[in-house]
Structure formats: C-alpha cells, structure tokens
Amino acid sequence: MDRADVIVVGLGHAGCEAALACARLGLDVVAVTLKAERIAVMSCNPAIGGTAKGHLVRELDALGGEMARAADLAGTHQVTLNASRGPAVRATRVLCDRDAYARAMQGALAAEPTLHVLEGEVAALLSEGGRVTGVALASGQQLAARAVVVTTGTFLQALMHVGAEQSVGGRLGDAAATGLSASLRALGLTLGRFKTGTPPRLRRDSIDWARCTPQPSEARRPFSLRTDAATLPAPTVTCAITHTSAATHAVLRENLHRSPLFQGAITGRGPRYCPSLEDKVVRFPEKGRHTLFLEPEGPNSPLVYPAGVSTSLPADVQLRFLRTIVGLEAVEVERFGYAVEYDFAPPTQLRPTLECKAVGGLFLAGQLNGTSGYEEAAFQGLLAGLNAGLQVRGAPPLVLGRHEAHGAVLLDELVTHGVDEPFRMFTSRSEHRLTLREGNAEWRLRAHGHRAGLVKAAEHQRTLARRARVDAALGWLSAARLESTLQRPGVRLHDLPGHPDLPGDLADEVETEVKYRGYVAMALASRDRLSRTEDAVALPEDMVWAEVPGLSAESRETLTRLGPRTVGDVRRLRGLDPAALELALLYALRPVSRGTPHGGKLGKTPRPPESSTNPES
C-alpha cells in the first residue's frame, strides 16, 4: 500500500486549494483526479469573483490561497459590481480565458515538489477505529494517509439531463464517480440530492454583436496580493448585453412539457438564485424580458458563454428560443445546455474545521457540502486542506469567527444551519458586512495565514508595511484636522493639500476608513454587545436536547442534529419558534446543584468559548 500524509480526492476548485494548502505546509500529498487534463476546468461560467464571491476570493488570497493569482494570470475582462453603492458591497469580477485559468492552476500544483497527481477513481474510503486510514481506487490500488479531503464536486452518482435524454456524468465529457457514495454512507454519513445546470455554448462568429450593448472592461487591477500591477495584461475581450423577448418566453412556455425539470425527471433541488431560464419565465411571469450577458471564453476562443441562459430543455427547443433573442437570430450552438443531478453530504455532519463528526481525519469541501460556485468551493477547499494538514502536524486548527471573514460566515452557515438548496454566499448573510470589505481582507486575515504556515514571512512583512502606511496617513489627517473635510461627499484624499503619496488601493482604504468610521463604530459596538451577551456564553458540551421537557419532537431533533455550542448559535438556528428557543436556553443555562443530573451532566462547568485558532474540543 502506498502512503501519503494527506490524500485529496478531486481537483476542481476546492481540491486544488486543499492540495496546495497541504503541500505548502510541507506535507506529502497525493491528489487523485479522474483526468489530469481536466484539473481546475471552469465547468460553468469562465469568471472568478462577483457579488460576495469577490470578497471570498480576496479572503482566500489573504490566507495564502491560489484562486486570485490564477485569475490575474488568465484575466481578459474586469468589472466592479455595485460600484455606485457602498464599499461593503462592491465586488470584483474577472472574466478569464478558460484554458489559461486551468493552465495557471495546474502550473501552481506542478510547482509543489511534495504534491503528486494521480489519475484514477476513488471507489471507497478506508477506515479503522472511527478514523479514516486511506482510500481504495477502482483499479484495486490502495493508498494510506493520515487524513483525506474529499472534494468531488458534482460527480457523485451524477446524472445529466438534456430534455428527455439522460446520460451518466458529472459534466459533459467526464464520467461520474459511482462508488464513493456507498462508501460515505457505510461510514455513517447521510447523503442528499441536488441539481445544477449550465447554459449552451454559442459560436462567437454567429452572433450579431452590433445589435447587442457592449460591456467594455475596466482597467485591470490585481486581484491577488502577490500580483504586481505592472505585470497584468491589458483587457483582451469586450462582453455584451442582450435580452430575451416575448417570443422567447412564448417558445419556453409552449415547451415546458418537454423540460425534465417540469416533467419531474429531475428530483434534486436546484439553486434558487440561479434558476434555469424556463424556471424564470414560470416564476416571474410579470417580467417581459430577462438579461443575458455574452462572455467570450477567451480572446482566441470560438465560444461564448451566455450567462443567464441555464437550461435543460431539448436541443431543438434551445436553438429555437435562442434565435428569438436580439443579436442571436442566426446563432449556432456548439454545445447545448444541460442539468446535472448529484449526491451531496448535508454539511451539519461536519465540525467547523470541515472534518466529519463521525469519522476522524475525513474532511469534506466544495459542492459535496451543498454549495454552488467556484469561490465558495475554493474557500472551503483551502480551510479543509489547511485543517487536515494542521491536524497531521499536530497543530491547532484554524477556525475563523463570523466577524473576521465572509468565508467564516459561509462555513458557519453550512455546519450550523445546513442547506436545503445549493448554497450561495451573499454579503447580506453577514451581520458584520460593513467591516468585511474586499479592500481590508489583507488586514483581517494575512496574520492568520502567516501563523498557519501558508503566508511567507516576507509577504506578511509587506502587509504590515502597507498597513503602517495607511495608519500614518490616518495620523496625518488627524494632526492636520482634515478628517471632517475628507468625510464630505465627493472629497478624495488626493484633493487635500499636502496629502500623503499612496498607491490607489491604499488611498481608497484611507478614504473608506475615514468616511465610514461612524458606521463602523456602531457596527463594532453591536458586535461587542452580541459577543458579551450571546456568543461568549457557552453551552454544556454534553447537553442532551432530547431530554428537555416541553420541546416538540421537531425542535429536539433540530437541536440534537445541529449541536449548537453557544447561546448565539441557538438564536441563529432556523426552524425554532421563539417559545421553543427561549425554553431550550432557559433549560440549558438554569443553575443546577452539584451532582444533579440535567440532560446527563449539565451541572458540569460550561467550557469557555473558542478563539479563532483554538483546537476543537
């Protein structure tokens, strides 16, 4: 049996970050993938970032991840979403050359001397005494490891739909993983079924671009802290916007009986925030048109990705409705859209480190945990890989607080509340979003990445030096009594006489910190109150919720399944009515005399709340 420190199963966006994190900790890593040539393929849209997703990418980069760097190397078009709104919700989106992005990520993997890529299918997980010990491949080969990170994306028991046609596969051109689901169940995990979809791919030279509204790129700016702005290539593509029409909607309505979604052939639940076009027409009948974004898949690619046109209708219907759209009257389709159903593991079965509660050393990340999107997957992959590696090294895990990162909100939502549809991150999910901006991810998380071992000392020192320049500028504003002047609408730092000479991104941060200081102070005060009154009050480790009198069976099941650790966790639980919530807290926290049983051992002193780097109890 071959042996490694960590095995990573799958090399999509989650798997790449997981494998890189472990290798950068100096561990021996074997990454198993079905096809090496398909590593880091952008299966759906050829873009990185977007609303809240840009925040995740910046945070991942600050911790030592790779996604932002690959997007910089492969970027062809860049926009700032929500540019007219406040800095908390502004987000970067970089369109990429699909092939160049995969090459960039594959190059990063190849540069790690202790990371070994192995082609094959993992058919089973091996375990002993409640702990994972390795994997068995479909070929019969066995690999031993001290930890395993599973990042199978949409490949578990995957089934693709185009109209009434069905085929086995996790995406077009790739097989499904057929054996691993049974192995996960045998280890005690519960699996569910979700669905996602992708639009058709259009021939670029068959689009009448003159009839569409051009969407030019902004000037390229580094997404990654490791990218020198001088090395960024100029934008190389222009995107365009068009819209569906009444004729489009008529074709869709006339053919709903041929949609596997409406026929009931698809049983898995799809993403609410990215529905198929036929679903949009049914759910929003009052809308006369829907927006499409035409995005070239690379400067030299013959293909265009039509964002907003996800569908699983039959090929002939897809072609008919596409040709009713302005600019697409003569469009040719290279590859028709399809839906894919796949198994996922409800993430309430995981610890905050993304380790399985039922199986020690087994970590899950990405769409396997019920999320959607490259960025959500990548952030999970980095944290799962990092925590697997830290566990192997005997070091404390990294568990971030909700106030520290949108990625921490993502993980907390998953493991505490679970999912009933493919989960997508939004800034509105965070109660601390005013202080979790793209622009300050460096200050929030770089030190965590350095302490964990992913950020080099020189990189960390550069961050400290950059922060010192921001603090010096803030000091200058205070000494010159110009803070109130800078707070005025429309006034910029460079408008002030004798202003410090700062690069654009640092000047932006100075302006943001000054202009929003009052709002941030209110947000921090609210956070501190919450910490003192709720999140700092820990619950007994061995609380038996099933024995709480007066709770409904549903409430007891919810509390037992999700295992809240603090009063704040209980208050954030979904599915508990206010009366049940208060009853549960009163019972859990009531004074108990020494030796009096309560749910088994409630008289025990509650454990203190965990810090962001404390090990799991």
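Keep in mind that this is a model prediction, so the values were computed, not measured.
- Scanning all heavy atoms of the two residues, the minimum distance from Leu411 to Pro352 falls at CD1-O, 4.3 Å.
- Arg201 places a side-chain N or O within 3.5 Å of a backbone atom of Pro199 that can act as its donor or acceptor partner.
- Looking at every heavy atom in both residues, Leu187 comes nearest to Ala358 through O-CB, 4.2 Å.
- Summarising the geometry, atom OG1 belonging to Thr133 is positioned 11.0 Å from atom CG belonging to Leu143; distances are rounded to the nearest 0.5 Å.
- Using a 3.5 Å distance cut-off with no hydrogens or angles, the side chains of Glu404 and His448 do pair a donor with an acceptor.
- A search for salt bridge (Lys or Arg N to Asp or Glu O under 4.0 Å) contacts involving Glu17 returns nothing, not counting sequence neighbours.
- Under the side-chain contact (heavy atoms from CB on, under 4.5 Å) criterion, Thr416 pairs with Asp412, Leu573, not counting sequence neighbours.
- The two atoms that bring Ala377 and Ala14 nearest to each other are O-CB, 3.2 Å, heavy atoms only.
- Distance check, rounded to the nearest 0.5 Å: OG of Ser224 to CE of Met67 gives 12.5 Å.
- Looking at heavy atoms from C-beta onward, Cys22 lies out of side-chain contact with Asp5 at the 4.5 angstrom threshold.
- Closest approach of Val8 to Gly15, counting heavy atoms only: CG1-O, 3.7 Å.
- For the salt bridge (Lys or Arg N to Asp or Glu O under 4.0 Å) criterion with Arg58, the lone passing option out of Glu375, Glu438, Glu442 is Glu438.
- Asp343 and Ser181 share a side-chain donor-acceptor pair at under 3.5 Å.
- Of all heavy-atom pairs spanning Ala71 and Phe223, the tightest one is CB-CD1, 4.2 Å.
- A donor-acceptor pair under 3.5 Å links the side-chain atoms of Gln106 to the main chain of Ile39, judged by distance alone.
- The side chain to side chain donor-acceptor pair (under 3.5 Å) contacts involving residues 388-400 comprise Arg131-Gln391, Glu355-Gln391, where partners must be two or more places apart or lie in separate chains.
- Contact of the Pro222 side chain with the Asp228 side chain is not registered, since no non-hydrogen atoms from C-beta on lie closer than 4.5 Å.
- For the residue pair Thr227 / Asp72, a side-chain donor-acceptor distance below 3.5 Å is found, with atom types taken as modelled.
- Of the candidates Leu364, Val132, Val148, Val359 forms a side-chain contact (heavy atoms from CB on, under 4.5 Å) with just one, namely Val132.
- The side-chain contact (heavy atoms from CB on, under 4.5 Å) with Leu398 is formed by just one residue from the set Leu382, Leu386, Leu445; it is Leu386.
- Side-chain N/O atoms of Thr154 and Gln367 include no donor and acceptor closer than 3.5 Å.
- Between Glu376 and Lys53 there is a salt bridge, since at least one side-chain N of the basic residue sits less than 4.0 Å from a carboxylate O of the acidic one.
- In the model, His406 has no side-chain atom that pairs as donor or acceptor with a side-chain atom of Glu59 under 3.5 Å.
- With hydrogens and angles left out, the side-chain atoms of Asn45 and Glu295 include no donor and acceptor closer than 3.5 Å.
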